[in-house]
Amino acid sequence: MNKIANKQEICRVLMENAKTDKDIVVLCSDSRGSASMTPFADTYPEQFVEVGIAEQNLVSISAGLAKCGKKAYAVSPACFLSTRSYEQAKVDVAYSNTNVKLIGISGGISYGALGMSHHSAQDIAAMAAVPNMRVYIPSDRNQTRCLTEALLGDEKPAYIRVGRNAVEDVYEEGNCPFEMDKATVVKEGKDLAVVACGEMVKPALDAADILEKEGIRAAVLDMYCVKPFDKDTLMQIVSGVKAVITVEEHAPFGGLGSMVSQTVGSECPKKVVNLSLPDAAVITGTSKEVFDYYGLNAEGIAKKARELV
């Protein structure tokens, strides 16, 4: 079982590159520990800024540094970064088109028992609605590494959401099929398609394996690039199937399910079912307990697939 969280992989990549690139700057909102950025702060203190519990300032300062030529990485809990500093993300980062990467840690329901105040189940909808803002939700540490390395090579704004704890690998270490802004076909299938992002990709793949043993062939698409949305790959996968299931750690409105439904509805209308968190304050518990309760697991996805097929 993998024990490396996606946020740790982000820190590793930034530290590797900060050896030679002194323009890389990491900023935290009293979150270096929970963000796994303590190693970076200790190793490169002159390239680290501690803002304190002031997320709005965190984003604005990052934008200012970016305007001075720095590559700013603003790291803060996703629940606060996507809401408390939303105006700064919209105006100072996206509208001003600054080279700021907003890293939302402990995304979705990662904070578990802390409840709705610490859950970020609306961030995909909020951030994707902002012009110039890209939205990425990597599925495992290997894809996170590829994404972080790719983002170091551009100067455009982006919001990246990662969970709190380590998750099972979807891809092999050193052999992750990654292409920037292109969804990854994890498994081929012609009966139905399961489109997922983030931590939901692994249970989607497990569900496809369960279904395969029952004679149901489910394709699995890892839509890590929620925005820009990879319409072409989606159409290649869903055009030949009977139905589509979307799975996301997000509220039912404005997220991956809404984007897939809108695209499929306009291009090749067919049944689309969205598995997501409810339009309510979710129950408290560990991520696994919450996912199991709402059927956001391999068994829940497989059950819905059987109903559709």
Looking at [Y] and [X], is there a salt bridge between them, counting it only when a charged N and a carboxylate O are closer than 4.0 Å?
{"X": "D23", "Y": "K71", "result": "no"}
{"X": "E87", "Y": "K90", "result": "no"}
{"X": "E149", "Y": "R145", "result": "yes"}
{"X": "D206", "Y": "K202", "result": "yes"}
{"X": "E188", "Y": "R217", "result": "no"}

Single-linkage hydrophobic cluster [X]~[Y], side-chain heavy atoms < 4.5 angstrom:
{"X": "Y136", "Y": "L256", "result": "no"}
{"X": "I10", "Y": "I4", "result": "no"}
{"X": "M133", "Y": "I103", "result": "no"}
{"X": "I216", "Y": "V273", "result": "yes"}
{"X": "Y73", "Y": "M180", "result": "yes"}

| said: Consider side-chain contact (heavy atoms from CB on, under 4.5 Å). Of D42, V75, L27, which one does M37 pass it with? | reply: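 For M37, the side-chain contact (heavy atoms from CB on, under 4.5 Å) check succeeds only for V75.
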
| Testing T148, N142, L147 for side-chain contact (heavy atoms from CB on, under 4.5 Å) with T144, which one passes? |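 When T148, N142, L147 are each tested with T144, the side-chain contact (heavy atoms from CB on, under 4.5 Å) holds only for T148.
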
Show the nearest heavy-atom pair for residues [X] and [Y], with the distance to one decimal.
{"X": "V100", "Y": "A66", "answer": "CG2-CB, 3.9 Å"}
{"X": "Q47", "Y": "D21", "answer": "NE2-O, 3.3 Å"}
{"X": "E248", "Y": "C197", "answer": "CB-SG, 4.3 Å"}
{"X": "Y86", "Y": "A126", "answer": "OH-O, 2.7 Å"}
{"X": "A183", "Y": "C225", "answer": "N-SG, 3.7 Å"}
{"X": "A54", "Y": "V51", "answer": "O-CG1, 3.7 Å"}

Can you find a pair of side-chain heavy atoms, one from [X] and one from [Y], that are under 4.5 Å apart?
{"X": "M259", "Y": "L234", "result": "no"}
{"X": "V260", "Y": "F229", "result": "yes"}
{"X": "Y111", "Y": "C79", "result": "yes"}
{"X": "N165", "Y": "S110", "result": "no"}
{"X": "L277", "Y": "Y294", "result": "yes"}
{"X": "H250", "Y": "D123", "result": "yes"}
{"X": "I105", "Y": "P77", "result": "yes"}
{"X": "Y95", "Y": "V130", "result": "no"}

A quick test of your reading: do over 12 heavy atoms of other residues, nucleotides or ligands sit less than 6.0 Å from [atom1] of [X]?
{"X": "Y44", "atom1": "OH", "result": "yes"}
{"X": "I283", "atom1": "CD1", "result": "yes"}
{"X": "E214", "atom1": "CD", "result": "yes"}
{"X": "E307", "atom1": "CD", "result": "yes"}
{"X": "M235", "atom1": "CE", "result": "yes"}
{"X": "K22", "atom1": "NZ", "result": "yes"}

Any side-chain to backbone donor/acceptor pair from [X] onto [Y]? Under 3.5 Å, distance only.
{"X": "T98", "Y": "D92", "value": "yes"}
{"X": "R134", "Y": "P157", "value": "yes"}
{"X": "S31", "Y": "S34", "value": "no"}
{"X": "D222", "Y": "V201", "value": "no"}
{"X": "T43", "Y": "F40", "value": "no"}
{"X": "K270", "Y": "S239", "value": "yes"}
{"X": "K227", "Y": "A128", "value": "yes"}
{"X": "H119", "Y": "V282", "value": "no"}
{"X": "R161", "Y": "S120", "value": "yes"}
{"X": "Q143", "Y": "S139", "value": "yes"}

Can you tell me how far apart [atom1] ([X]) and [atom2] ([Y]) are? Round to the nearest 0.5 Å.
{"X": "K242", "Y": "D191", "atom1": "NZ", "atom2": "CG", "result": "4.5 Å"}
{"X": "L205", "Y": "I210", "atom1": "CG", "atom2": "CD1", "result": "10.5 Å"}
{"X": "L14", "Y": "F48", "atom1": "CG", "atom2": "CZ", "result": "11.5 Å"}
{"X": "K156", "Y": "K101", "atom1": "NZ", "atom2": "NZ", "result": "9.0 Å"}
{"X": "L58", "Y": "L81", "atom1": "CG", "atom2": "CG", "result": "6.5 Å"}
{"X": "S276", "Y": "L296", "atom1": "OG", "atom2": "CG", "result": "7.0 Å"}

| message | I'd like to know whether F80 forms a side chain to side chain contact (heavy atoms under 4.5 Å, CB included) with H118, so could you lay out the CA-CA distance, the side-chain angles of the two residues, the decisive distance to 0.1 Å, and finally the verdict. | response | CA-CA 8 Å; F80 305 135; H118 282 62; 3.7 Å; yes

| said: side chain to side chain contact (heavy atoms under 4.5 Å, CB included) for D140 and N2? Distances and angles first, verdict last. | reply: CA-CA 10 Å; D140 73 355; N2 168 51; over 6 Å; no

| request: Look at the rings of F178 and Y224 and say which category their plane angle falls in: under 30° parallel, 30 to 60° tilted, over 60° perpendicular. | output: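 Geometry flag for Y224 against F178: tilted rings.
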
| task | Evaluate side chain to side chain contact (heavy atoms under 4.5 Å, CB included) for Q88 paired with V93, printing each intermediate quantity in order. | result | CA-CA 7 Å; Q88 286 70 30; V93 176; over 6 Å; no

| task | Decide side chain to side chain contact (heavy atoms under 4.5 Å, CB included) for T246 and M200; before the verdict, give the C-alpha distance in whole Å, the side-chain angles of both, and the deciding distance to 0.1 Å. | result | CA-CA 9 Å; T246 66; M200 295 293 98; over 6 Å; no

